[in-house]
Student: 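Quick one: this structure, given as C-alpha cells, is what I'll be asking you about.
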There are 2 protein chains.
Amino acid sequence: MKKVNASIITIGDELLIGQTIDTNSAFIAQELNKVGIWVRRRIAVGDVFDDIWKALDEETAASEIVIVTGGLGPTADDITKPLLCQYFGGRLVENEEVLKHIIYLFETIYRRPGPLLDRNRKQAEVPDTCAVLMNERGTAPGMWFTKEVNGIKRIVVSLPGVPFEMKGLIEKQVILRLITEFQTPVILHRTLLTVGVGESMLAEKIKDWEENLPAHIKLAYLPHYGMVRLRLTSLGNEKKGLEEEIGRLFSELKELVKEWLVIDEDLTLPQVVAKLLLKKNQTVGTAESCTGGYIAHLVSRDPGSSNTYKGSVISYDNQVKLELLKVNKETLDTVGAVSEEVVKQMAATALELLKTDYVITTSGILGPDGGTEQKPVGLIWIAIGSKNGIRANHFNFRFDRIRNMEQAAIVALEMLRKEMVKGE
Amino acid sequence: MKKVNASIITIGDELLIGQTIDTNSAFIAQELNKVGIWVRRRIAVGDVFDDIWKALDEETAASEIVIVTGGLGPTADDITKPLLCQYFGGRLVENEEVLKHIIYLFETIYRRPGPLLDRNRKQAEVPDTCAVLMNERGTAPGMWFTKEVNGIKRIVVSLPGVPFEMKGLIEKQVILRLITEFQTPVILHRTLLTVGVGESMLAEKIKDWEENLPAHIKLAYLPHYGMVRLRLTSLGNEKKGLEEEIGRLFSELKELVKEWLVIDEDLTLPQVVAKLLLKKNQTVGTAESCTGGYIAHLVSRDPGSSNTYKGSVISYDNQVKLELLKVNKETLDTVGAVSEEVVKQMAATALELLKTDYVITTSGILGPDGGTEQKPVGLIWIAIGSKNGIRANHFNFRFDRIRNMEQAAIVALEMLRKEMVKGE
C-alpha cells in the first residue's frame, strides 16, 4: 500500500527568530503517525504573504495532507486568513456558530466586560470555501480546505498556533476526519531504552542482525544523554502479519542488547522508575542541592505520580542542609558541600524525614561559576539511600549548566533503577 | 541595506515522527538573528536522499546561507555525507586532524578500550570540497561549503545534530565566519513583558500608536500562559540612529501599557523575580504540593540563583505536610489538603524552616484524576508568605495536567512579584 504523506507548515516570525520552540509540529507528527500518515516535510515560515503562499504551493504539490498552524490570533497581521481565502477561492463570511462561541467565551470564561472588540468579532470570519472546525478551547476556529493538484485531492487544514487549542482540534476532529478520508497503511513501532552504552558500540553489536532486516522495517538509533533508544518501524497492509513479524524481530533485538536494556517500551527513565516502584508498592523522595528540585519535578510530572513520590527537601543553601537535613557542620567545614560525606548524610536524614523506601540526593557544581581546581564545574555527587544502605557516586560532566543538571538527573534516576533491580 | 537571508534544514526521521522536539533550530535562529541574519525558512526532512537533495535545491535558491543539522552520527544511514559530496562535487577523503581528534576522544574522554571501530573512523571522512570545522565536543566535524546559485554565492554549513556539539560549532566558529563573509544590516529588538491582560485588549490599547509605526519597525505579540510579551524589531543600516528611534518608540510603548508592565527587558518571570530579590538582597523558598518542585526548578535553573533561592520542602504526600510542614491534622481532615488553610499553614512553617524572606506554597489538583464536584481538576490554592503576613488565592485552570502545573507556577511567581513591588 502507498504511504499517505503529510506536510506541516508553521507560520510565525517568533519561530524564525528563535523566541519560541516549536512543540506543535512534534505533537501533530505523533498523532498523524499513529494512524499511518507519514510526515514527509515540516516547514516554518514567517508572517510574510509570499513565503506562506510559496510554502502552500510546494507542500500541496508534495503531500496529500497539509496541516498549517499559526497566524490566526486576534492580533495576527491579517495575512493568513485572507491568504487562505484567496488561495482556495471564495470570500470571508461571518460564521454564526463561531461568533456565538466567541461571545460565550468572553462573557462566561474570560469574563471581560463591555462589548465585543472588532478584532475578536473578526475571528468569526471564515472563507466560505472551507468546512469550519469549532475550537472549544479558544476563539480562532480551525478550517478544512480541499484542493486538487496534479489530479489528486489534497487536504489543507488550518489551525490556531496556541498548543492547547491546536491539540484539542487535532485530537477531537482532524484525525477522525483524516482517517475517514484516506485509506492509510499500518505503521507499527517498537521502542526499547538502553543505558550505559554508546551509539556506535550498540551498532557494532547488532550490525549483522540489522543488515538482514527486511526492506519494509527500519531501525533508528535515538541517542540522548547517555541513553540510546532503538526504534523498529514497520510499514505494510496487513496488521496481524506485521505484528507477528515485528514482535519476533523485536525479541531478537532485545536479546542482542540485553546487557544494557532498561525497558522494552517507549517510556522515559522517570516513567520506568515509577513503573518499578508501583510494581513493588514502594515510594521515593529526594533531597537535592544542585539539581534544585529538577529530579522532584521529573518524578512528579506524570499522572499517577502521587502513588510513588512522597516529597523532597531541597537544600540549595548550606543552612538548609545543616538545619533540615542535619548535615554535620564539621563535615561541611572540612570536606565541603560537594562531597561523598554530605550526600550520604543528606540521604540518611531524608529517609527518616520523608519515610520513603528510597531517596535520591545530589550536591554538585553546575556552573558556569563556582568551580575550583579541586572541585571543577561539572563535579556532582549523587547518593541513593534505602533500607539496604546508602551508596554514593561522583561524576564529572563537561557540559553547560542546564545540560549538567539534566545529565545529573538522568544518572541519579539510573542509579536508583539499578539499585531497585539488583539481585532480580 | 538588503537583508541577508538564511534557511535552516534539519535532517532526521525522529523529527518527523515527533519523537524529538527540535530545539536546535530555535538556538541557531537566535544566534543568526543577533548578528543581523534573518532566518527566512526552516525545514525538516527525513533520512531520505531525494528529500534532502530537494531541500538543498530549494533553500540554496531562496537564501544566501543554509545551515544543515543532523545526519552525521556514527549510525546515520550513510546518506548525508555522500549526498553533500555529490551535491558540491569532490570525493570523500580522510581528514588527518579529525581522525587524531576522534582517537583522542575515545582514548582519553570516552575511555573505550580496543581499536577504533570502522564506523567511528569513517567520521573522519569529509568531502575534499569543504572547509572542515573541528568539533571539540564530539566526533562528527562540521563542514563549510560554498556554491554559486543564480550568480550569487551561497554558503552551506553542515553540522552534527547533537545540541551540545552543534552549539559549540555555531558559537565558536560559524557565526564568526559568517560575519566576516557578509555585510549584515543592524537588527535591534526591544522586548517587554506584561501580565494580567489579554492579547486583544493590549492590541486595542495601543492600536493608534501601532498604526503609526514606521515601515522598518515591526511589533510582535507573543502571548504565553497569561503573559504577553511585546517585541519591537527595527532593521536598518545605521546603528546609532536606529537605537535612538527604537528607544523613543519603546518608551512610548511602555507608557501605554504601564498598568500591566512587569519588566522592559526580554526576561522570563523567574528572572524578573530573581532580579528583584537580588536588588533587595532578599531570598525565596518554596513549599510545594501539586507543583512537585517545578517552581523550585524554575527559580534555581538560571546561573546565580544561589544568591536568591535557599530551598524547598516539597510535600506531595499528606504525611510530609503533617510532619515536616506542621499542617494541622484536623484541618486536613476537615477542609482537605487543597484549601486556603493548608497553603497558609504550609507557608507559616516554611518561613520558619527555610528562614527566607518569602515563601511560595501550592496545593491543588492538576489532573487528569483526583477531582471532585467541590474540588474539580484545575483548582489550585497558592500562598505567598513574608514578614508582612501570608496571603492566599485560588485559581480554576481548565487545561491538561502539564499546562495546569505551568500555569500555577507562573501565577505563583506573579503573586510573589506583586507582593514584592507593593507600595513601591
Side-chain angles (χ1 to χ4, degrees), chain A residues 13-19 21-23 26-27 29-30 33 39-46 51 73-75 110 117 119-120 164 198-200 203-204 220-222 292-294 296-297 300-301 303 306 309-317 319-320 324 353-355 368-369 399 401-403, chain B residues 13-19 21-23 26-27 29-30 33 39-46 51 73-75 110 117 119-120 164 198-200 203-204 220-222 292-294 296-297 300-301 303 306 309-317 319-320 324 353-355 368-369 399 401-403:
Chain A
D13 285 349
E14 66 279 14
L15 295 166
L16 296 179
I17 69 163
Q19 203 148 11
I21 286 173
D22 172 23
T23 55
F27 175 83
Q30 276 174 11
N33 213 249
V39 176
R40 191 172 168 194
R41 284 161 54 103
R42 283 169 33 182
I43 179 158
V45 292
D51 291 352
T75 59
Y110 308 156
L117 297 174
R119 66 177 72 245
N120 295 123
F164 183 65
E199 186 184 353
S200 18
E204 206 56 25
Y221 294 78
L222 304 163
Y294 183 62
H297 166 57
S300 66
R301 185 168 53 178
S306 56
Y309 169 62
K310 290 182 76 173
S312 299
V313 179
I314 315 294
S315 59
Y316 217 59
D317 191 83
Q319 188 192 315
V320 181
L324 261 70
L353 290 178
L354 301 169
K355 300 196 169 68
D369 306 315
F399 312 118
R401 178 179 177 84
I402 298 291
R403 190 163 165 194
Chain B
D13 284 349
E14 67 278 14
L15 295 166
L16 296 180
I17 69 162
Q19 204 148 9
I21 286 172
D22 172 23
T23 55
F27 175 83
Q30 276 173 10
N33 213 250
V39 176
R40 191 173 168 191
R41 283 161 55 103
R42 282 169 33 182
I43 178 158
V45 291
D51 290 353
T75 59
Y110 307 157
L117 296 174
R119 68 176 72 246
N120 294 123
F164 183 64
E199 184 184 355
S200 19
E204 206 57 25
Y221 293 79
L222 304 163
Y294 183 62
H297 166 58
S300 66
R301 184 168 54 178
S306 56
Y309 170 61
K310 290 184 77 174
S312 298
V313 178
I314 315 294
S315 58
Y316 217 60
D317 192 83
Q319 188 193 317
V320 181
L324 261 70
L353 290 177
L354 300 169
K355 300 196 169 66
D369 306 316
F399 312 118
R401 178 178 176 85
I402 298 291
R403 190 164 165 192

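A, B, ... follow the sequence lines: proteins, then strands. Residue 1 opens every chain.
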Student: Let's test your reading of the structure: which of A:Leu324, A:Thr23, A:Val45 forms the most heavy-atom pairs below 4.5 Å with chain B?
Tutor: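 If we count pairs closer than 4.5 Å to chain B, A:Leu324 comes out on top.
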Student: Between A:Arg40, A:Arg301, A:Arg403, which residue shows the highest count of heavy-atom pairs closer than 4.5 Å to chain B?
Tutor: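 Of A:Arg40, A:Arg301, A:Arg403, A:Arg40 has the most heavy-atom pairs under 4.5 Å with chain B.
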Student: Please flag which part of B:Leu353 lies under 4.5 Å from any non-hydrogen atom of chain A: side chain, backbone, both or neither.
Tutor: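 It is both, since atoms from each part get that close.
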Student: Using a cut-off of under 4.5 Å for heavy-atom pairs, which of B:Gly293, B:Gly198, B:Ser300 has the most such pairs with chain A?
Tutor: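 That would be B:Ser300.
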Student: Holding to ring-ring contact (aromatic ring centres under 6.0 Å, His included), I want the full list of residues that pass it with A:Phe27, two or more places apart in sequence or in another chain.
Tutor: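 Result, ring-ring contact (aromatic ring centres under 6.0 Å, His included) vs A:Phe27: none returned.
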Student: Determine yes or no for a side-chain-to-main-chain donor-acceptor pair under 3.5 angstrom, with B:Arg42 supplying the side chain and A:Leu16 the backbone.
Tutor: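 Answer holds: no.
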Student: What is the minimum heavy-atom distance between A:Pro303 and B:Pro368, and which atoms define it?
Tutor: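 For A:Pro303 versus B:Pro368, the nearest heavy atoms are CB-CD, 3.6 Å.
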Student: At a 4.5 Å cut-off on heavy atoms, which part of B:Ser306 comes close to chain A: side chain, backbone, both, or neither?
Tutor: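 Backbone plus side chain of B:Ser306, per the 4.5 Å heavy-atom cut-off to chain A.
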Student: Ring-plane angle category for A:His297 and B:His297, please: parallel below 30°, perpendicular beyond 60°, tilted otherwise.
Tutor: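 Taking B:His297 first and then A:His297, their aromatic rings lie parallel (interplane angle under 30°).
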Student: Check whether B:Ala203 gets within reach of chain A through its side chain, its backbone, both or neither, counting any heavy atom under 4.5 Å.
Tutor: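 Contact with chain A is through both the backbone and side chain of B:Ala203.
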Student: Of the listed residues (A:Ala29, A:Ala220, A:Ser315), which shares the most heavy-atom pairs with chain B below a 4.5 Å separation?
Tutor: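 Top option by heavy-atom pairs under 4.5 Å: A:Ala29.
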Student: Let me know if A:Ile17 has heavy atoms under 4.5 Å from chain B in its side chain, its backbone, both or neither.
Tutor: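 Looking at A:Ile17, backbone and side chain both touch chain B.
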Student: Using non-hydrogen atoms and a 4.5 Å limit, figure out which bit of A:Arg401 sits close to chain B: side chain, backbone, both or neither.
Tutor: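 Side chain of A:Arg401 only, per the 4.5 Å heavy-atom cut-off to chain B.
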Student: Among the options A:Leu354, A:Ile43, A:Leu222, pick out the one with the most heavy-atom pairs lying under 4.5 Å from chain B.
Tutor: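 It is A:Ile43.
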Student: Among B:Ser312, B:Ala26, B:Gly292, which residue forms the greatest number of heavy-atom pairs with chain A at distances under 4.5 Å?
Tutor: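 If we count pairs closer than 4.5 Å to chain A, B:Ser312 comes out on top.
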Student: Given heavy-atom pairs under 4.5 angstrom as the criterion, report whether the side chain, backbone, both or neither of A:Val320 touches chain B.
Tutor: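 Looking at A:Val320, just its side chain touches chain B.
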Student: So, A:Tyr309 side chain and B:Tyr316 main chain: donor-acceptor pair closer than 3.5 Å or not?
Tutor: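 Pair absent, no side-chain N/O of A:Tyr309 close to backbone of B:Tyr316.
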Student: Which atoms of A:Asn33 come close to chain B, meaning under 4.5 Å heavy atom to heavy atom: side chain ones, backbone ones, both, or neither?
Tutor: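 Just the side chain, heavy atoms under 4.5 Å.
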Student: Roughly how far apart are B:Arg41 CZ and A:Leu15 CG, rounded to 0.5 Å?
Tutor: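 Going from CZ on B:Arg41 over to CG on A:Leu15, the span is 14.0 Å.
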Student: Kindly determine whether A:Asp22 and B:Asp22 satisfy side chain to side chain contact (heavy atoms under 4.5 Å, CB included), including the steps that lead there.
Tutor: CA-CA 7 Å; A:Asp22 172 23; B:Asp22 172 23; over 6 Å; no
Student: What residues, two or more places apart in sequence or in another chain, satisfy side chain to side chain contact (heavy atoms under 4.5 Å, CB included) together with A:Glu204?
Tutor: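 A:Lys207, B:Leu117, B:Arg119.
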